[in-house]
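Have a look at the structure below, then the notes.
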Amino acid sequence: MRYAETDQAGMAHHSAFLPWFEEGRVALLRSLGKPYQEFEAEGLHFPVRGAFCRYWGPARFDDVLTVATVIEEVGGASVRFHYRITRASDAALIAEGYTLHACVDDGGRVKRLPLEVRKLLSP
C-alpha cells in the first residue's frame, strides 16, 4: 500500500479501496485470457452501476495486500464481481465487497452480453 493511500491516522483511506477493486477486476480478466482492452476493441464497455465495500480491519502504509476477485453473477447485460482484500503477512481480512457493471456499447447504450462473453465470464 502506498503512503498516498493513507489517511491522517496512517490507515488505508476508504477511497483507496475502489481502485484496488479495479486492479483485481482487470487482473482477473487478463487471467481469463481477455484483457479489458480487447472488450473495448469489440465495442463492449463495463461501467460501474453499483459498488459496496465492507471494511473489516485496518491496512497501514507498506502493508502488502492481496485482492482476490471472482465473478459472482452474470446477467443478461451485467456482471457482478466480488472482492476480498487481505493482508499478505497474516491473511487478515481487511475488506470485502462487490461491484456491479452494466454492459454497454460504444455509444453507452445497454447491450446484452454476447454468448462467448457470457461463457467466458460465467462462474
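Side chain of Arg80 to backbone of Gly75: no donor-acceptor contact under 3.5 angstrom is found.
Atoms CH2 and CG, on Trp20 and Leu65 in that order, are 5.0 Å from each other to the nearest 0.5 Å. Considering CG of Leu93 and CD1 of Ile85, their distance stands at 9.0 Å, rounded to 0.5 Å. Atoms OG1 and CD, from Thr99 and Glu72 in turn, are 9.5 Å apart once rounded to the nearest 0.5 Å. Distance SG/Cys53 to NE2/His14: 10.0 Å, rounded to 0.5 Å. From Arg109, atom CZ reaches atom SG of Cys103 across 12.5 Å, with rounding to the nearest 0.5 Å.
Residues satisfying the side-chain contact (heavy atoms from CB on, under 4.5 Å) test with Val70, not counting sequence neighbours, are His82.
Hydrophobic clustering (ILVMFWY, side-chain heavy atoms < 4.5 Å, transitive): Met11 and Phe17 are in distinct clusters. Hydrophobic clustering (side-chain heavy atoms under 4.5 Å, transitive across Ile, Leu, Val, Met, Phe, Trp, Tyr) keeps Leu100 apart from Val79. There is no path of hydrophobic side-chain contacts, each under 4.5 Å, that joins Leu113 to Val104.
A salt bridge links Arg84 and Glu96; the closest N-O separation between the charged side-chain nitrogens and carboxylate oxygens is under 4.0 Å. Arg60 has no carboxylate O lying under 4.0 Å from a charged side-chain N of Asp63, or vice versa, which leaves the two without a salt bridge.
Listed here is the closest heavy atom pair of Leu120 and Leu32: CD1-O, 3.6 Å. The minimum heavy-atom distance linking Tyr83 with Arg25 is given by the pair OH-NH1, 2.8 Å. A pairwise comparison of heavy atoms in Arg87 and Pro58 identifies NH1-O, 2.8 Å as the closest pair. For the residue pair Leu28 and Ile71, the shortest heavy atom distance occurs at CD2-CG1, 3.7 Å. Across all non-hydrogen atoms, the minimal contact from Ser15 to Pro19 is O-CD, 3.2 Å. Between Gly50 and Val48, the shortest heavy-atom contact is O-CG1, 3.4 Å.
Two residues are said to be in side-chain contact when any heavy atoms from C-beta on lie closer than 4.5 Å; Leu29 and Leu121 meet this criterion. Side-chain contact between Pro35 and Val26: absent, with no pair of heavy atoms (C-beta onward) separated by less than 4.5 Å.
Dense packing is recorded around NZ of Lys34, with more than 12 heavy atoms of other residues, nucleotides or ligands lying under 6.0 Å away.
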Exercise. Hey, mind stepping through Leu44 and Lys111 against side chain to side chain contact (heavy atoms under 4.5 Å, CB included) and telling me if it holds?
Worked result: CA-CA 8 Å; Leu44 296 176; Lys111 178 182 174 109; 3.5 Å; yes

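Remark: the Asp106 side chain and the His45 side chain contain an N/O donor-acceptor pair separated by less than 3.5 Å.
Ring centroid separation for the pair His101 and Phe81 comes in under the 6.0 Å cut-off. For Phe21 and Tyr98, the ring centers sit 6.0 Å or farther from each other.
In this pair, Phe39 and Tyr36 present their aromatic rings tilted. The plane angle is within the 30 to 60° band.
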